[in-house]
Enquirer: 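Handing you this structure, nothing more for now.
Everything numeric in this text was worked out from a predicted model, so none of it was measured. Quick note on labels: first sequence line is chain A, next is B, and so on, each numbered from 1.
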Amino acid sequence: MTDQIIDVLLVEDNPDDVTLAMFAFKKNNFGNRVQVVRDGAEALEYIFATGAYAGRKIDQAPRLILLDLKLPKVDGLEVLRQVKADSRTKNTPVVMMTSSREENDLVASYSLGVNSYIVKPVDFQQFVECARTLGLYWLLLNEPPVSTTGKRKTAA
Amino acid sequence: MKVLSLFRRKHWGVGAKLLAFTIPPIVVVIFLITWAVYDRTAAGLEQKMTARAKAIHTQIMADREYYASVVVPRILELGGTLASQYHDVKEFLPLPATFVREASEIAAKQHGGYTAQLISPWAINKSQGLKDQFHREAFSALAMNPDKHVLWIDTMEGRAFMRVMMSDMASAQSCVDCHNAHPESPKHDFKLHDLMGGLEVIMPIDQYLQESRKDLLLTVGGGFGIFLLLAGIIATGTRRIVARPLSQLASRMRGIADTEVDPLSSSAVPRPPRDEVNALAETYDQMQAVIVRQRQALQAANARLAEQVTDLKVANHELEAFSYSVSHDLRAPLRSMDGFSKILTEEYADGMPEEARHFLQRVRENAQKMDNLVNALLELSRLGRQAMAVQKVEPRQLVEEVLGELHGEEKNGRLVEITVGTLPSCMADGVLLKQVYMNLISNALKFTRTQEVAKITVGCRSENGLDTYFVQDNGVGFDMQYVGKLFGAFQRLHRAEEFAGTGVGLATVKRIILRHGGDVSAESEVGRGTTIYFTLTRRRTA
């Protein structure tokens, strides 16, 4: 389980949001290789292969991290800061997905090097569209600087 | 009367004080000058009179010498007699002294100038002896120094006279011989050049005294006149140069002092100021007291303000935390409601009754509506905290941008006439002011929906020198009794199914206008339309 290669790391504490996100991913055919973690601390353990995820290979980074801003224990901005501060993980694309339209959060995220910032729409239809676009862009179109996953073309 | 009133005044000005200080020394100076003038006049008079007396003395002595040395020897040769009783005895001839006196009496009658007489303690004629105090004193003085003359001013029968006594010396042997030999003489041992008596010249000096008195009066009067003139100039000058500016300064300072009237100090009876300088000093004291009080009040106010700022910072911080929390936590349930309803209608559509599908749709609509409300609320709260960039803006340009963005919206095929009048430029945050126009014009479009021809006027008029901007429509209007609710957040005067909206549009407008220091107001009539007015600077109450 821990050495499984994944496409998306979803960092989300709200179980409903997890359910809805997974539904949207499945609708767009990339729900199989998604790892869900439920708080910032767990996200860091997974990304840096420590704690519960110590057995994981750190170089098998997810192709995309979807990060909620408000998280228990360690918040999204801190996770983002650590990911972007570490040379082993800084090339991993991070997309901030949040309810907040707060300008402060937006500015802070971009100054920490976030790759994209998305306000989760209330309209589920729009969210499904959003998930589709995300998968299309980050998993299919976008070329990562170094091929760390070894395998490509996972999404059909 | 004016002079009297000047002296009755209890409090003298600087000018009057200056005069009061100046008058005594000047009076002393005038007195000294007068005295000097008088002294000089008296000395001059004495000199003049003495010179005249000497001239008379010389003349009389010459006459007598001629009489005594030429006439008297002939008379004696012819066997004549010189005697004092020559008036009574036809053969007798006058003594030289009698000759002199009678000749001078004639002269006095003719000229009215002087009389002269020879007097002597050893006079042959007894009527020419020493008669009074002057004679005795003068003669004893001449006995010691015959070259002297003795002056005496005397009043006789109300007239002033100057009496001058000069020595009468035995100038000729004939005189000595005659006196020594004369049977009536009380002294018979005269020698040549002995003091035989004195010649008294009596001159009236009334006229001279009058003249010198006139001179004195002129001098003193002129001096006093010049002094009065100078004093007047000093007083006027002081009044104009010192006193009046001082008074004006004091009254200006009083103006400052009066801006804050302390009820405690003003209840005390104010002492009238003694002069302008005192008035200034007193006013300064009052002003200083006021300034001190105001400074204390200011410090207290500043302290309160600092506290309030701290409170505000805390409140603002809490508000930020609150809106942050709202924007995150209030939305998440909405997403779930919408998301799961959507999944239900799509994935489980088979066998679902039409009504159930409809209810699910209602759930989604309400979730959406609540999202809009949350967004509007956040926007309103953000407006209150956002920093403003106030600069000169052209409202007309903002209105045109708004009209461009609203193009086609809300028109619904009806005729919309929008008139944009003259809009003077103003100091405002352009983004926020555009939001104001956006909300007001959107409202105008929305509430004219029922009109066949919507008429919207965007303009400005000047009221008491203040630019009052307005947006007017001919829409449904509202009852003015609810005007108080108009600008409150989430206050709506129309039912949602009539006119959609979150109820924060006008609240947003009000928030923006208040942040600009302006005022917002509304006028409306049901069925006739609404006008919303706003200013960007609060009316100055002062």
Enquirer: Can you name the one residue among A:Thr98, A:Val95, A:Val107 that meets side-chain contact (heavy atoms from CB on, under 4.5 Å) with A:Tyr117?
Expert: A:Thr98
Enquirer: Please state whether the rings of A:Phe23 and A:Phe124 are parallel, tilted or perpendicular, taking 30° and 60° as the class boundaries.
Expert: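 Because their plane-to-plane angle lies in the 30° to 60° range, the rings of A:Phe23 and A:Phe124 count as tilted.
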Enquirer: If we define contacts as heavy-atom pairs under 4.5 Å, which of B:Ser336, B:Ala367, B:Ser341 has the most with chain A?
Expert: B:Ser336
Enquirer: Look at B:Asn375, B:Leu330, B:Asp371, B:Ile343 and state which one has the largest set of heavy-atom pairs under 4.5 Å with chain A.
Expert: B:Ile343
Enquirer: Please check if any side-chain donor atom of A:Gln82 sits under 3.5 Å from a side-chain acceptor atom of A:Glu78, or the reverse.
Expert: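 Their side chains do contain a donor-acceptor pair, which is all the 3.5 Å distance test asks for.
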Enquirer: Do the side chains of A:Val11 and A:Tyr46 get nearer than 4.5 Å, heavy atoms only?
Expert: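 The answer is no; the side chains never approach within 4.5 Å.
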Enquirer: Pick from A:Asn14, A:Asp123, A:Asn104: which one has the most heavy-atom pairs with chain B under 4.5 Å?
Expert: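 Highest number of pairs under 4.5 Å: A:Asp123.
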Enquirer: Checking A:Lys120 against chain B: side chain, backbone, both or neither under 4.5 Å from a heavy atom?
Expert: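 Its backbone and side chain both get close to chain B.
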Enquirer: Looking only at side chains, do B:Arg335 and A:Ser99 share a donor and an acceptor under 3.5 Å apart?
Expert: yes
Enquirer: Heavy-atom cut-off 4.5 Å, strictly under: side chain, backbone, both or neither for A:Asp68 against chain B?
Expert: neither
